[in-house]
Amino acid sequence: RIRLGLLDLPEEQRVAEFGWDPGAHGHLGLVSGLAGGADDALELIVGQLLNGDDESHLYLLDAAGSFSTAAAHPRVGAVVGLHELRRSARVLERVAEELPRRLGTAGAAGAPSLVLALCGWGSWVSAFRAGPLAWAEDLVQDIVRDGARAGITVVVAGERELVTSRFFAAVPNRIFLPAGSTEEGRLAWPRLPATAPVAGRVVVFGPLSAASSPSGHVGQLFEPRSPATNGPATDGPAPAARTRPFRVEPLPVRVSVADVLSGAAAVPAAPPGQLCLGVEGDELRPASVPVPPGAVLAVLGGHASGKTTLLSALPGLNPGADWLRCPAAADPEPWWAGMHDAALAGALDPAALLVADDLDLQSPETNNRLLLLNTLGWRVVLTAGFSPGLRLRVPLVQNAAGPGRGVLIAPRSLMDGDLFAVRFELEQNPPPGRAVLISDGRARAVQLAFDPDAGSEGGGP
């Protein structure tokens, strides 16, 4: 039970403490006027959820930036700001995916309750509706509608946009902070009893109040004993999580080969025939792509985008593979002709991976030799630039386009993926190494690894 403040009960001629129990009372809305105060009330709630005896897993969409350091708390699965709109939508997606899992017959019996905290709802609504993520608002409505039965509770703080939202009618508990509000701003509010215009003075509706009343009860919120992001009010460490919450992490700006290998130690090894490229996903798992015998992996990118850097990192990421790459000092045309002759003579390892950098800049003869080697069953990893005429200049890319197996490094437009006939989300100003991995007809964002120990032969940005 979250202790919130004191409530005036004139019919009983007494003042009683009131609080909110997410499991028993349901969702909670915090509505403030121009003077604010809803974010402070949310801080009071989050601080107790993080440090209480009953374990809850929290996911915070934080428009005000009040809970940024809470991301390290063991009970927090994600803290997302307005600058990470795609990740915020993914948090809502992931929480919505928990609904059928928990409601199913094999659901998560005994699992910790899950609390979705939305700070600054008006800012989130404006951000979602201004771009292609307007569907994220519908996810909140789904979570509010079905979450109570699945042990998922929403606490949302906002102003006028919250009261006029489609899901507000399904929020049973409401705390209004009228200080600083105007008549126009309260048009969508219920009729409130007279209150003193002081900070923390509230009118409470719903099951969390000590006694039901259609006109609400006047109360006074407690002040947070300590900021929610600074740990518990007592001097001990933050309580550990008995069950680890699922995480929704942002992709890192940089990731090295050592970072990927250290993270891969905690997950099952990739099946044979998979090439590891970097990290991906909510939990930052190793990103891999299947490259069976006779397959082609096409790595496409602009000038100085990091294609060569990826090729230099592949041997370290996949130490069990045998790599064949033309040395920088050698002429590619006779070198690949020699590899072709060795293959015909049975002297070339059939499990070897052939690596060709900037194949669109090589001669037609070099392209033909690699195409013949691939036809004989050798796997090929090639790089090339984005170009409408790539199929004509590098015939081998057709063998990657057919099964849909490629990497787009920092694509500039949706047309850069036309070779694979797959649509993907463009990222504005991506960091170096950010790419779109295309595999099995799906496109997903990955952060490609780099090898800081790679020599000048594998140079690049």
Side-chain angles (χ1 to χ4, degrees), residues 59 61-63 77-98 118 123-143 246-255 276-290 297-302 305-307 310 383-388 390 397 400-401 403-449:
Y59 298 84
L61 269 60
D62 182 17
V79 178
V80 190
L82 278 173
H83 61 290
E84 300 175 290
L85 273 184
R86 185 61 191 88
R87 183 175 168 230
S88 67
R90 178 55 190 156
V91 170
L92 296 176
E93 279 184 314
R94 188 64 182 84
V95 172
E97 290 170 3
E98 280 290 294
L118 308 173
S123 299
W124 288 109
V125 169
S126 298
F128 287 144
R129 294 178 180 176
L133 298 174
W135 49 265
E137 187 179 352
D138 297 331
L139 292 177
V140 177
Q141 184 176 4
D142 295 340
I143 296 168
F246 63 82
R247 305 283 301 180
V248 185
E249 300 281 7
L251 283 175
V253 176
R254 291 165 57 89
V255 62
C276 183
L277 305 175
V279 294
E280 66 171 339
D282 299 335
E283 303 274 356
L284 300 184
R285 300 295 182 94
S288 60
V289 57
L297 175 64
V299 180
L300 308 183
S305 61
K307 301 187 296 293
L310 174 60
T383 72
F386 296 122
S387 172
L390 190 59
V397 299
R405 188 178 295 114
V407 178
L408 309 177
I409 303 180
R412 303 158 299 182
S413 71
L414 294 177
M415 295 180 62
D416 291 337
D418 283 352
L419 175 67
F420 302 98
V422 172
R423 292 303 177 191
F424 54 90
E425 283 195 28
L426 279 176
E427 183 174 351
Q428 298 297 325
N429 303 316
R434 190 60 51 83
V436 176
L437 174 60
I438 299 171
S439 175
D440 300 324
R442 295 174 53 246
R444 53 192 194 270
V446 301
Q447 180 65 32
L448 302 176

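As the structure is a prediction and not an experimental result, all values here were calculated from the model.
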(message) Restricting to non-hydrogen atoms, name the atom on V446 and the atom on A287 that form the minimum distance, rounded to 0.1 Å.
(response) CG1-CB, 3.8 Å
(request) Hey, could you give me the OH/CD1 distance between Y59 and I143, rounded to the nearest 0.5 Å? (result) 11.5 Å
(request) Determine the minimum heavy-atom distance between F420 and G406, stating which atoms define it. (result) CZ-CA, 3.7 Å
(request) Could you note down all residue pairs passing side-chain hydrogen bond (donor to acceptor under 3.5 Å, both in side chains) where residues 405-425 supplies at least one of them, sequence neighbours left out? (result) R86-E425
(request) Report the distance from atom CG of L414 to atom CZ of F424, rounding to the nearest 0.5 Å. (result) 5.5 Å
(request) Might you point out which heavy atoms bring I409 and A435 nearest each other, and give the distance in Å? (result) CA-CB, 3.9 Å
(message) When you measure from the side chain of E283 to the backbone of E249, do you find a donor-acceptor pair of N or O atoms at a distance under 3.5 Å?
(response) no
(message) Ignoring hydrogens, what is the shortest heavy-atom contact between V422 and A443? Give both atom names and the distance.
(response) CG1-CB, 3.6 Å
(request) Mind checking ring pair (Phe, Tyr, Trp, His ring centres under 6.0 Å) for F386 and listing every partner two or more places apart, or none if nothing turns up? (result) none
(request) State, with a plain yes or no, whether a side-chain heavy atom of P431 is found less than 4.5 Å away from one of Q447. (result) yes
(request) Would you name the heavy atoms of L139 and A89 that are closest together and state the gap between them? (result) CD1-O, 4.2 Å
(request) Hey, could you give me the CD/CG distance between E93 and D282, rounded to the nearest 0.5 Å? (result) 9.0 Å
(message) Quick check against the 3.5 Å criterion: does W124 have a side-chain atom that pairs as donor or acceptor with the backbone of L61?
(response) yes
(message) Can you tell me how far apart CG (L310) and OG1 (T383) are? Round to the nearest 0.5 Å.
(response) 9.0 Å
(request) First locate atom CZ of R87, then atom CG of L92, and finally report the distance between them rounded to the nearest 0.5 Å. (result) 12.0 Å
(message) Are R444 and S439 packed together at the side-chain level, in the sense that at least one heavy-atom pair is separated by less than 4.5 angstrom?
(response) yes
(message) Within the structure provided, determine whether R94 and R90 are in side-chain contact (heavy-atom separation under 4.5 Å).
(response) yes
(request) Run through I438, L419, V407 and flag the one making a side-chain contact (heavy atoms from CB on, under 4.5 Å) with L300. (result) L419
(request) Carefully, step by step, assess L251 and L284 under the rule side-chain contact (heavy atoms from CB on, under 4.5 Å). (result) CA-CA 7 Å; L251 283 175; L284 300 184; 4.0 Å; yes
(request) Mind listing the closest non-hydrogen atom pair of L448 and V255 along with its distance? (result) O-CG1, 3.5 Å
(message) Can you list everything that forms a side-chain hydrogen bond (donor to acceptor under 3.5 Å, both in side chains) with S88? Sequence neighbours excluded, please.
(response) none
(message) I need the N429 CG to R434 CZ distance, nearest 0.5 Å.
(response) 11.5 Å
